[in-house]
Amino acid sequence: MINPDTKQESWRLNKFVALCLGVSRRKADELIEKGKITIDGQPARLGQQISDANKISYNGKLLELQSKQLIILHKPTGYLCSRASQGDVPTIYKLLPKNLHHLKPVGRLDKDSSGLILMTNDGDFAHTMTHPSFYKIKRYLVTIDQPLQPLHRQMINDFGVQLPDGRSQLTLERQHEGDDYRWIVEMSEGRNRQIRRTFDALGYTVKKLHRTNFGNYSLGDLKRGEWREEKFTNS
């Protein structure tokens with residue numbers, strides 16, 4: 001049943017399903033097409049409008065609209081961005097109270113990386129933040145194991161580095177003048193371990209990777225392991 005606090009007389013079905021399940025509207029359409037969604041006990045159809053009088057279910061379970069939520073988490077190293085732990089390795093949900101465990105990470109950081117993680121129950125927001133077509137800039141502080149050679153810096157900045165899954169082009173800037181070990185790295189893509197693999201392809205090992213910004217969102221002075229509620233912005 002639709003929450004009357006939304007003050008909306010009718011809803012497009014896929015938007016309602018997306019908000020309830022924390023998925024994108026595209027994913028909601030897939031669920032509708034697969035017959036996973038019913039309206040008043042009848043199979044739903046793409047493009048349907050619903051109202052407060054309708055009862056919408058997913059796999060037989062009644063859906064109820066939840067308020068949109070967004071938090072920023074300062075992920076320490078040593079935590080996985082997943083619900084399932086691997087052996088003794090904890091997940092980021094160990095850092096959150098149980099009433100936030102329904103939130104999903106927007107993109108990921110690997111176990112050995114730290115910094116800003118956005119978590120939300122709004123699938124459309126997550127899609128716009130992660131899909132390459134929306135071009136959201138992410139900023140990282142990266143430390144490598146040896147000084148970056150000028151030629152390699154030019155390759156990464158200007159031409160990109162060819163990886164098995166395509167060309168990787170990053171924007172590099174020194175964190176400190178004259179220091180060729182520590183770099184500010186910006187990128188709009190989000191391929192798996194892309195920064196680490198880019199440096200590795202040129203013979204470097206990333207010793208530290210810390211995300212500080214994602215679109216208009218910033219880690220600020222949030223301490224490791226802490227989180228805060230955040231307002232949605234047009235980032």
Side-chain angles (χ1 to χ4, degrees), residues 72-82 85-92 94-95 105-119 126 129-228 230 233 235:
I72 288 179
L73 170 68
H74 185 160
K75 175 193 170 303
T77 57
Y79 286 80
L80 297 172
C81 290
S82 67
S85 59
Q86 297 177 7
D88 296 329
V89 182
T91 77
I92 55 175
K94 292 285 187 181
L95 304 169
V106 180
R108 297 176 183 272
L109 288 173
D110 63 52
K111 178 178 70 72
D112 298 319
S113 300
S114 62
L116 185 156
I117 288 285
L118 295 173
M119 302 189 69
M129 292 299 293
T130 55
H131 196 278
S133 64
F134 293 96
Y135 201 75
K136 303 300 182 183
I137 298 296
K138 289 167 280 191
R139 178 178 292 178
Y140 303 81
L141 302 179
V142 175
T143 302
I144 54 179
D145 64 332
Q146 55 184 302
L148 183 64
Q149 299 302 311
L151 177 60
H152 290 157
R153 180 184 181 184
Q154 184 179 23
M155 288 175 63
I156 295 173
N157 262 327
D158 299 338
F159 307 109
V161 175
Q162 191 63 36
L163 302 177
D165 55 349
R167 187 170 64 92
S168 173
Q169 188 166 359
L170 312 173
T171 300
L172 303 182
E173 179 183 342
R174 287 186 181 88
Q175 292 185 36
H176 307 287
E177 186 65 32
D179 186 343
D180 291 326
Y181 288 85
R182 296 171 178 82
W183 297 88
I184 298 170
V185 179
E186 290 189 347
M187 61 187 292
S188 61
E189 294 182 283
R191 285 181 276 162
N192 184 42
R193 298 175 67 88
Q194 183 177 346
I195 294 176
R196 293 184 185 276
R197 291 190 294 123
T198 300
F199 281 100
D200 183 68
L202 297 175
Y204 303 89
T205 299
V206 172
K207 307 295 289 184
K208 178 181 177 182
L209 192 151
H210 180 76
R211 183 158 65 196
T212 61
N213 298 77
F214 192 161
N216 285 348
Y217 298 95
S218 174
L219 197 61
D221 58 1
L222 198 62
K223 296 180 180 179
R224 286 185 301 172
E226 293 185 347
W227 60 273
R228 68 169 183 264
E230 194 73 14
T233 67
S235 57

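Positions are given from 1, in the same order as the sequence printed here. Computed from a predicted model, the values in this text were never measured in an experiment. FYI, side chains are in, hydrogens and waters are out, and symmetry mates aren't considered; it's all heavy atoms of this structure.
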Asks: If you round to the nearest 0.5 Å, how far is CG of L116 from OG of S113?
Replies: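 The distance works out to 13.0 Å.
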Asks: Return the minimal non-hydrogen interatomic distance between G78 and P90, and the atom names on each side.
Replies: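 G78 and P90 have their closest heavy atoms at O-CD, 3.5 Å.
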Asks: Can you name the closest pair of heavy atoms from I72 and L118 and give their distance?
Replies: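 Shortest heavy-atom contact: CG1-CD2, 3.5 Å.
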Asks: If you measure from the Lys or Arg side-chain nitrogens to the Asp or Glu carboxylate oxygens, is any gap between D165 and R197 under 4.0 Å?
Replies: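 Answer for the salt bridge query: yes.
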Asks: Calculate, to the nearest 0.5 Å, the distance between atoms CD and OG1 belonging to E189 and T198 respectively.
Replies: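 The distance works out to 8.5 Å.
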Asks: Strictly below 4.0 Å, N to O, side chains only: are R196 and D110 in salt-bridge contact?
Replies: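 Counted as a salt bridge, because a side-chain N and a carboxylate O are separated by less than 4.0 Å.
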Asks: For the atom pair CD (Q146) and OH (Y181), what is the distance rounded to the nearest 0.5 Å?
Replies: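 One gets 8.0 Å once the value is rounded to the nearest 0.5 Å.
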Asks: Looking at every heavy atom in both R167 and F159, which two are closest together, and how far apart are they?
Replies: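 It is NH1-O, 2.9 Å.
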Asks: Looking at P76 and G225, what are the two nearest heavy atoms and their distance?
Replies: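 P76 and G225 have their closest heavy atoms at CG-N, 3.7 Å.
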Asks: Side chains of D145 and F199: closer than 4.5 Å at any heavy-atom pair?
Replies: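 No, their side chains stay 4.5 Å or more apart.
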Asks: Is it the case that more than 12 heavy atoms not belonging to D221 sit under 6.0 Å from its CG atom?
Replies: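 No - once you tally the heavy atoms of other residues, nucleotides and ligands closer than 6.0 Å, there are 12 at most.
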Asks: Under 4.5 Å between any side-chain heavy atoms of Y204 and H152, yes or no?
Replies: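 SC-SC contact between Y204 and H152 confirmed.
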Asks: What's the shortest heavy-atom distance between Q194 and Q169, and which atoms?
Replies: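 Heavy atoms of Q194 and Q169 come nearest at NE2-N, 4.5 Å.
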Asks: Got a second to check how far I184's CD1 is from H176's NE2, nearest 0.5 Å?
Replies: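 So the CD1 of I184 and the NE2 of H176 are separated by 8.5 Å.
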Asks: To the closest 0.5 Å, what do you measure between CG (N213) and CG (L141)?
Replies: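 Output value for this atom pair is 8.5 Å.
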Asks: Measure the spacing between NZ of K138 and CE of M129 and express it to the nearest 0.5 Å.
Replies: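 Between K138 NZ and M129 CE, I get 8.5 Å after rounding to 0.5 Å.
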Asks: If we check side-chain contact (heavy atoms from CB on, under 4.5 Å) with S168, which of these qualifies: I195, I156, L163?
Replies: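 Testing S168 for a side-chain contact (heavy atoms from CB on, under 4.5 Å) against I195, I156, L163 leaves exactly one candidate, L163.
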Asks: Kindly give the heavy-atom pair with the smallest separation between I117 and P105, and that separation in Å.
Replies: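 Taking I117 first and P105 second, the nearest heavy atoms are CG2-CB, 4.2 Å.
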Asks: Step through the shown structure and confirm whether more than 12 heavy atoms of other residues, nucleotides or ligands are within 6.0 Å of CZ on R224.
Replies: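 Atom CZ in R224 is not crowded, with 12 or fewer foreign heavy atoms closer than 6.0 Å.
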Asks: Would you say the side chain of L95 lies within less than 4.5 Å of the side chain of K75, judging by non-hydrogen atoms?
Replies: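 Not touching, per the 4.5 Å side-chain cut-off.
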